[in-house]
Amino acid sequence: MATTASVIPANVRPEQVFAFDIYADPRIEDDVQGSYARALAGAPDIFWTPLNGGHWIVKRYDLISEIVKNPAVFSAREMQIPRVENPPFFIPLSLDPPQNVPYRHVLMPKFSPRAVADMEPKMRAMAAEIVEEVAGRGACDFVHDVAARFPVSVFMVLMGLPVDRLHEFRSIADEHFKARTDAEFVVTLGKIASIFTELLDLRRREPADDLLTYFLETEIEGRKLSQDEILAMCMVLFLGGMDTVTNVTGFSFQYLAGDPALQARLAADPSRMPEFAEEGLRMFGVIGTPRLVVEDFDAYGASFRKGEMVLSALWESGRDDRKIPKPQRFDIDRKEKAHLNFSTGPHLCLGHALARAEMRILAEEWLKRIPAFRAVPGTRHGFRIGTVIALESLPLEWDAA
Ligand code: HEM
């Protein structure tokens with residue numbers, strides 16, 4: 001990935017420039033979110049990096065919140081850094097209010113806390129089965145064998161996708177998150193669209209109790225959804241539901257593997273699992289959300305100009321010491337749990353209740369069967385950074401019964 005520096009625009013003051021490569025900065029280490037916070041410690045709360053076409057980065061909790069809640073200036077219609085000629089279009093993510101609202105209303109009932117609670121027994125059975133498969137082995141790659149399988153299986157059952165195509169779907173999602181150019185996006189989005197076109201045809205012939213059938217039957221403002229609208233909704237669910245839970249769970253377990261006291265405490269008292277999941281989310285945010293400046297705007301000491309891109313580094317929000325005392329410490333007993341890793345405002349993640357339930361259930365089912373475990377010494381875990389942060393592998397071992 002070429003990361004040549006661009007000319008600094010006249011609206012950016014010299015003290016606002018801090019070179020940072022969101023795709024390959026050499027300061028990012030295995031402790032990804034921690035090293036991010038250290039690398040940006042000397043940067044202003046809002047700064048301009050000349051790399052990747054030149055763009056703003058926002059790292060402070062309060063300012064991120066202001067930006068994502070101001071779609072009249074910071075539009076979600078383009079979310080690629082550097083900008084591409086034909087940006088992907090997702091529903092409701094690429095639509096600013098009020099256009100996004102009816103689509104959120106279509107999705108909300110399917111992701112409400114009630115709907116998630118109804119799915120819990122099924123999710124628990126899936127998690128138990130996945131953990132059972134590895135428990136007797138005494139070792140596994142947690143990312144590959146567990147964290148990548150469970151959320152993707154849940155998502156596929158919810159959508160009505162064939163579970164035997166799990167690895168194919170996951171590798172398309174991986175390809176998409178590595179894409180940078182127009183040509184690469186065309187390829188990955190084309191693959192996703194053709195999968196859903198095929199599956200929607202099937203559901204037209206054979207309706208089932210799943211999300212694809214719901215999209216085909218539901219009405220919005222007195223009319224059925226068009227094929228293009230359904231595909232644009234499937235895209236965001238596919239990309240949002242496949243990778244995020246896997247990544248946060250992977251990083252949370254990477255931490256837990258090194259904290260035997262917390263393992264013992266959670267195994268003895270599973271009622272504390274929601275706090276473990278929430279603390280994992282706060283510490284290990286994986287999404288940075290880009291916005292396009294659609295009108296000139298002077299605020300927060302910066303002069304944003306139309307056409308510039310702004311990246312809200314959501315993973316920094318949970319590590320802001322003006323919001324959270326000792327933010328670099330993993331502490332399930334802490335009172336302040338603030339983070340914006342599900343964003344806020346018009347695009348607040350619709351899957352947050354599902355994601356929280358998945359992380360909690362998987363940790364419960366794991367610790368029931370594997371109450372003490374550790375990272376395999378001497379192994380590198382690997383990571384990918386960008387607008388989505390991913391952990392690539394996590395070899396764990398334990399004393400199998
Ligand atoms: C830990 C896991 C997850 C994280 C950290 C996460 C994070 C996010 C973030 C930050 C956004 C907003 C992006 C923006 O403001 O530009 C978002 C939107 C969204 N997420 Fe999630 N997500 C997670 C899991 C899920 C799951 C499991 C689903 C559903 C299967 C889902 C569905 C969505 C949808 C539909 C949107 C678009 C909302 C809109 O534009 O109105 N997410 N997610």
Side-chain angles (χ1 to χ4, degrees), residues 28-38 124 126-153 170 243-286 315 318-319 326-334 355-356 358-385 389-401:
I28 303 306
E29 300 166 351
D30 289 355
D31 158 28
V32 181
Q33 292 85 353
S35 62
Y36 228 105
R38 291 193 294 279
R124 190 172 292 288
M126 282 189 249
E129 192 185 320
I130 289 170
V131 178
E132 285 288 350
E133 268 182 44
V134 299
R137 284 195 224 155
C140 76
D141 182 332
F142 183 79
V143 170
H144 184 266
D145 299 331
V146 180
R149 281 186 61 200
F150 174 57
V152 178
S153 309
R170 204 185 139 83
D243 212 35
T244 44
V245 180
T246 300
N247 293 335
V248 178
T249 307
F251 284 112
S252 300
F253 267 68
Q254 187 184 41
Y255 170 79
L256 189 58
D259 188 341
L262 183 58
Q263 292 175 26
R265 193 171 160 203
L266 291 172
D269 182 6
S271 74
R272 301 305 307 277
M273 226 58 95
E275 286 91 346
F276 166 70
E278 200 59 30
E279 187 64 348
L281 268 164
R282 180 191 70 76
M283 291 281 287
F284 306 116
V286 295
W315 49 77
R319 301 212 180 211
K326 300 205 175 83
Q328 311 300 340
R329 219 177 98 199
F330 196 106
D331 177 5
I332 66 164
D333 299 316
R334 65 170 63 247
R356 285 183 163 110
E358 286 182 25
M359 290 184 286
R360 170 179 56 77
I361 292 168
L362 185 59
E364 284 165 3
E365 295 306 313
W366 176 276
L367 283 166
K368 249 188 230 171
R369 293 166 180 82
I370 307 171
F373 59 96
R374 56 204 171 262
V376 176
T379 50
R380 293 265 350 247
H381 300 165
F383 58 85
R384 184 185 74 220
I385 58 168
I389 295 177
L391 182 67
E392 288 176 333
S393 135
L394 177 58
L396 296 180
E397 60 182 20
W398 57 93
D399 302 324

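- Considering only heavy atoms from C-beta on, D333 stays 4.5 Å or farther from E275 through its side chain.
- The closest donor-acceptor contact from the side chain of Q33 to the backbone of G285 lies under 3.5 Å.
- For A148, the side chain to side chain contact (heavy atoms under 4.5 Å, CB included) partners are R170, T246, not counting sequence neighbours.
- With sequence neighbours left out, the salt bridge (charged side-chain N to carboxylate O under 4.0 Å, His left out) criterion links D141 to no other residue.
- Remark: the backbone N or O of Q328 is not paired with any side-chain donor or acceptor of R319 at under 3.5 angstrom.
- Judged by distance alone, the side chain of R282 and the main-chain N or O of P327 form a donor-acceptor pair under 3.5 Å.
- Side-chain contact between I389 and F251 is present, with at least one heavy-atom pair separated by less than 4.5 Å.
- Screening L281, L391, D243 for a side-chain contact (heavy atoms from CB on, under 4.5 Å) involving V248 leaves a single residue, L281.
- Counting heavy atoms from C-beta outward, T249 and F142 have side chains that approach closer than 4.5 Å.
- With hydrogens and angles disregarded, a donor-acceptor distance shorter than 3.5 Å links the side chain of Q263 to the backbone of F373.
- A 4.5 Å side-chain heavy-atom check between V134 and W366 finds at least one atom pair inside the cut-off.
- Taking the side chain as every heavy atom from C-beta outward, V146 and E133 never approach each other to under 4.5 Å.
- Between F276 and L256 there is a side-chain heavy-atom pair separated by less than 4.5 Å.
- Comment: E132 engages R369 in a salt bridge, judged by a side-chain N to carboxylate O separation of less than 4.0 angstrom.
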Does the pair R38 and D31 meet the rule for a side chain to side chain contact (heavy atoms under 4.5 Å, CB included), with working shown? CA-CA 10 Å; R38 291 193 294 279; D31 158 28; 3.0 Å; yes
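- Using a distance-only test at 3.5 Å, with no hydrogens or angles considered, no donor-acceptor pair links the side chain of E279 to the main chain of I332.
- No side-chain heavy atom of V376 sits under 4.5 Å from any side-chain heavy atom of H381.
- Contact check on R137 versus D145 returns a salt bridge, with a Lys/Arg side-chain nitrogen under 4.0 Å from an Asp/Glu carboxylate oxygen.
- Looking at heavy atoms from C-beta onward, W315 lies out of side-chain contact with V286 at the 4.5 angstrom threshold.
- A search for salt bridge (charged side-chain N to carboxylate O under 4.0 Å, His left out) contacts involving R360 returns E120, E364, not counting sequence neighbours.
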